Amino acid sequence: MLNRKDILSTIEMIDQQHLDIRTITMGISLYDCCDGSVKRACDKITDKISHYAEKLVSTGEAIEIEYGIPIVNKRISVSPIAVIAAASDSPDYVPFAAALDKAAKNCGVNFIGGFSALVQKGMTKADEKLIRSIPEALASTDLVCASVNVGSTKAGINMDAVALMGQIVKETAALTKDRDGLGCAKLVVFCNAVEDNPFMAGAFHGTGEAERVINVGVSGPGVVHHALQAVKGAPLDVVAETVKKTAFRVTRMGQLVAMEASRRLDTPFGIVDLSLAPTPAVGDSVARILEEMGLEVCGTHGTTAALALLNDAVKKGGIMASSSVGGLSGAFIPVSEDEGMIAAAVQGTLTIDKLEALTCVCSVGLDMIAVPGNTPAETVAAIIADEAAIGMVNSKTTAVRLLPVPGKKVGDRIELGGLLGSAPVMPVHAESSSDFVLRGGHIPAPVHSLRN
Amino acid sequence: MNAIVTVVGQDRVGIIAAICVRLSSFNINILDISQTILEGNFTMVMAVDIREANASFREVQESLNELGRDMGLSIRIQREEIFDAMHNI
């Protein structure tokens with residue numbers, strides 16, 4: 001039998017500690033939408049998504065009401081469009097982005113991900129067309145998210161693609177400069193991208209996935225923070241245990257919602273992603289958890305160790321609570337989307353170099369970081385290469401989502417609104433990486449990729 | 001199918017009566033009531049059976065919300081499974 005204390009503590013988590021389901025994401029395969037005619041392909045895409053995800057939002061809302069748990073986002077991920085569009089005769093793939101945008105609006109979802117290409121080993125003509133279409137695709141649509149995988153532990157890093165992505169990020173920022181570079185918030189460059197990630201902007205429905213699937217991302221930095229306030233001054237193993245117990249509870253709720261959504265939508269359940277995803281709201285910050293452990297400001301010495309502990313404990317707690325764990329599953333550190341990170345960056349304690357170090361021990365990478373508008377494309381590419389190298393060598397997913405907004409300088413602030421938040425423009429190194437990036441070619445896979 | 005009704009707010013005469021009348025109007029049976037004063041607040045947790053309810057979950061919820069507004073209380077109803085999932089293995 002349930003006891004009163006447990007019931008009231010759950011309600012307090014939801015009411016005061018921002019406990020929520022961050023996203024229910026429906027993955028949809030678009031393989032049967034390939035067509036030589038762009039128009040026919042796009043019509044098939046819009047029709048298929050609109051049909052499959054027709055009830056996604058209403059089902060999500062019904063679950064919210066009945067269980068009393070907010071489900072912040074309902075989203076769709078689709079097969080990488082570079083694969084689907086390859087059959088078509090189109091000179092660019094912007095019409096495919098428009099078709100995705102239309103489908104997303106028909107369904108009422110927040111975002112649709114999958115305007116994507118996987119080029120870790122090499123680029124097909126279609127991959128290159130897709131990548132070159134990204135700036136216009138993101139500027140001319142509202143809900144489409146793009147991602148490009150430029151490296152993996154098995155394949156190494158495609159430095160030609162990295163150099164190209166440096167330019168694409170800059171062009172995307174330029175085309176959306178009137179909206180503070182919003183396009184760049186919808187563009188992720190990955191190493192070791194996962195096929196079942198429910199979180200945007202990097203979600204796509206991988207090539208090894210089923211016809212359609214339901215993936216769920218939980219949240220709960222506020223709940224973890226609150227739980228740690230009860231163990232002030234205790235040794236760090238007590239901290240780890242407390243995080244584990246909290247993560248277990250949060251994930252059990254995610255599993256329940258995922259199973260219920262799967263049943264009601266008659267769609268197989270895929271995974272629960274255990275990531276701790278912050279929002280810009282006060283009390284929903286990963287940085288504040290690290291500070292609760294005893295750091296004066298996030299970014300100071302000790303932050304990497306604290307984050308490593310947090311990230312590991314979240315996984316250990318969550319893994320028993322779900323029948324299938326996947327996606328990115330780690331603590332996110334998106335600067336603009338985390339009130340504590342924003343404060344630490346404004347103060348100057350949290351720097352881009354420290355953020356890079358943090359990505360060695362957590363999910364997922366240099367995320368939602370505003371950099372000066374005059375940052376050269378080669379520097380953006382070099383930052384991507386560094387991050388991809390961390391992912392490649394450590395067999396983990398890493399990503400870069402930078403916003404080099406034209407006209408913005410260090411000390412300025414960009415405003416993206418909503419869950420994307422706002423970010424101070426952070427300095428990058430002025431010294432050139434150009435000759436390194438422009439060599440192009442390929443960084444070979446590390447020796448430990450040869451496991452067979 | 002069971003649900004949990006929780007009521008939190010300033011204590012006054014007639015809270016339990018009003019809520020029981022409202023639930024009975026929806027043909028919802030009360031299985032268990034636990035009520036106390038916690039840090040000066042009236043706090044009540046009820047387990048109810050909603051299988052035979054004569055209205056949708058949403059309608060019941062809206063009606064209880066309205067009653068809560070009228071009486072200055074926070075009243076919510078949630079499916080029991082969420083609490084089970086979080087607190088029982």
Side-chain angles (χ1 to χ4, degrees), chain A residues 1-17 19-21 58-71 216 218-220 223-224 227 244-264 272 317-323, chain B residues 1-9 11 15-16 19 23 26 28 30-51 53 55-66 68-69 73-89:
Chain A
M1 180 62 196
L2 289 160
N3 75 44
R4 189 172 56 211
K5 196 166 145 252
D6 289 343
I7 290 171
L8 294 175
S9 86
T10 300
I11 288 173
E12 193 184 330
M13 284 181 196
I14 295 168
D15 265 5
Q16 288 157 37
Q17 299 160 23
L19 177 62
D20 55 44
I21 298 291
S58 60
T59 303
E61 286 170 354
I63 294 173
E64 278 183 87
I65 285 172
E66 288 179 33
Y67 290 90
I69 177 83
I71 301 171
V216 164
V218 298
S219 178
V223 184
V224 173
K244 272 163 66 178
K245 285 179 192 156
T246 310
F248 176 80
R249 292 205 171 106
V250 169
T251 310
R252 286 270 288 187
M253 190 195 62
Q255 172 80 13
L256 173 75
V257 169
M259 297 308 288
E260 191 63 20
S262 156
R263 188 182 66 76
R264 293 187 189 196
V272 174
I319 203 157
M320 189 181 145
S322 172
S323 59
Chain B
M1 191 167 63
N2 291 349
I4 302 289
V5 177
T6 46
V7 185
V8 179
D11 196 13
I15 295 177
I16 298 181
I19 291 167
L23 290 172
F26 288 115
I28 291 173
I30 297 168
L31 306 172
D32 187 29
I33 299 183
S34 154
Q35 183 253 307
T36 187
I37 303 294
L38 209 62
E39 293 166 5
N41 271 329
F42 174 92
T43 308
M44 177 166 72
V45 175
M46 295 171 123
V48 299
D49 182 349
I50 54 175
R51 273 177 306 183
S56 72
F57 198 98
R58 191 185 288 252
E59 285 162 342
V60 173
Q61 189 173 59
E62 278 167 7
S63 171
L64 289 175
N65 284 344
E66 189 191 305
R69 275 195 298 276
L73 300 164
S74 158
I75 307 180
R76 59 175 81 210
I77 179 165
Q78 292 160 274
R79 296 256 304 255
E80 184 185 46
E81 292 97 315
I82 187 168
F83 303 103
D84 256 337
M86 287 185 76
H87 299 285
N88 293 331
I89 296 180

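The model shown is predicted, which means the values in this text are computed figures rather than measured ones. Chain naming here is simple, since letters A, B, ... match the order of the sequence lines and numbering starts at 1 in each.
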Legend entry - Whether B/Q61 side chain and A/I65 backbone form a donor-acceptor pair below 3.5 Å: yes
Inset, instruction - Under 4.5 Å heavy-atom distance to chain B, tell me which part of A/Q255 shows up: side chain, backbone, both or neither. - result: neither
Inset, instruction - Can you establish whether the number of heavy atoms outside B/I30 located under 6.0 Å from its atom CD1 is more than 12? - result: yes
Inset, instruction - Without swapping roles, check the side chain of B/R58 against the backbone of A/A62 for a donor-acceptor pair under 3.5 Å. - result: no
Inset, instruction - Would you mind reporting whether B/Q78 and A/I11 have side-chain heavy atoms less than 4.5 Å apart? - result: yes
Legend entry - Minimum heavy-atom distance between A/D6 and B/H87, given as atom pair plus value: O-NE2, 3.1 Å
Legend entry - Which portion of A/T251 sits near chain B, non-hydrogen atoms under 4.5 angstrom: neither
Inset, instruction - Give, as side chain, backbone, both or neither, the part of B/L38 having an atom under 4.5 angstrom from any heavy atom of chain A. - result: side chain
Inset, instruction - With the side chain counted from C-beta on, respond yes when A/M13 and B/M86 share a heavy-atom pair under 4.5 Å apart, and no when they do not. - result: yes
Inset, instruction - Between chain A and each of B/I89, B/I77, B/V60, count heavy-atom pairs under 4.5 Å; write down the option with the most. - result: B/I89
Inset, instruction - Provide the closest heavy-atom pair for A/L256 versus B/I82 in the form atom of the first, atom of the second, distance. - result: CD2-CA, 3.5 Å
Legend entry - Least distance between heavy atoms, A/R252 atom then B/D84 atom: NH2-O, 3.9 Å
Inset, instruction - First locate atom CD1 of A/I7, then atom CD of B/E80, and finally report the distance between them rounded to the nearest 0.5 Å. - result: 8.0 Å
Inset, instruction - Against chain B, label A/I14 side chain, backbone, both or neither, depending on which of its atoms sit under 4.5 Å from a heavy atom there. - result: side chain
Inset, instruction - Check whether any side-chain N or O of B/R79 sits under 3.5 Å from a backbone N or O of A/Y67 as a donor-acceptor pair, and report yes or no. - result: no
Legend entry - Student check: side-chain heavy atoms of B/I50 and A/E66 closer than 4.5 Å: no
Legend entry - Residue pairs fulfilling side-chain hydrogen bond (donor to acceptor under 3.5 Å, both in side chains) with at least one residue in residues 33-45 of chain B, sequence neighbours excluded: A/R4-B/S34
Legend entry - Residues, nucleotides or ligands: over 12 heavy atoms within 6.0 Å of A/M320 CE: no
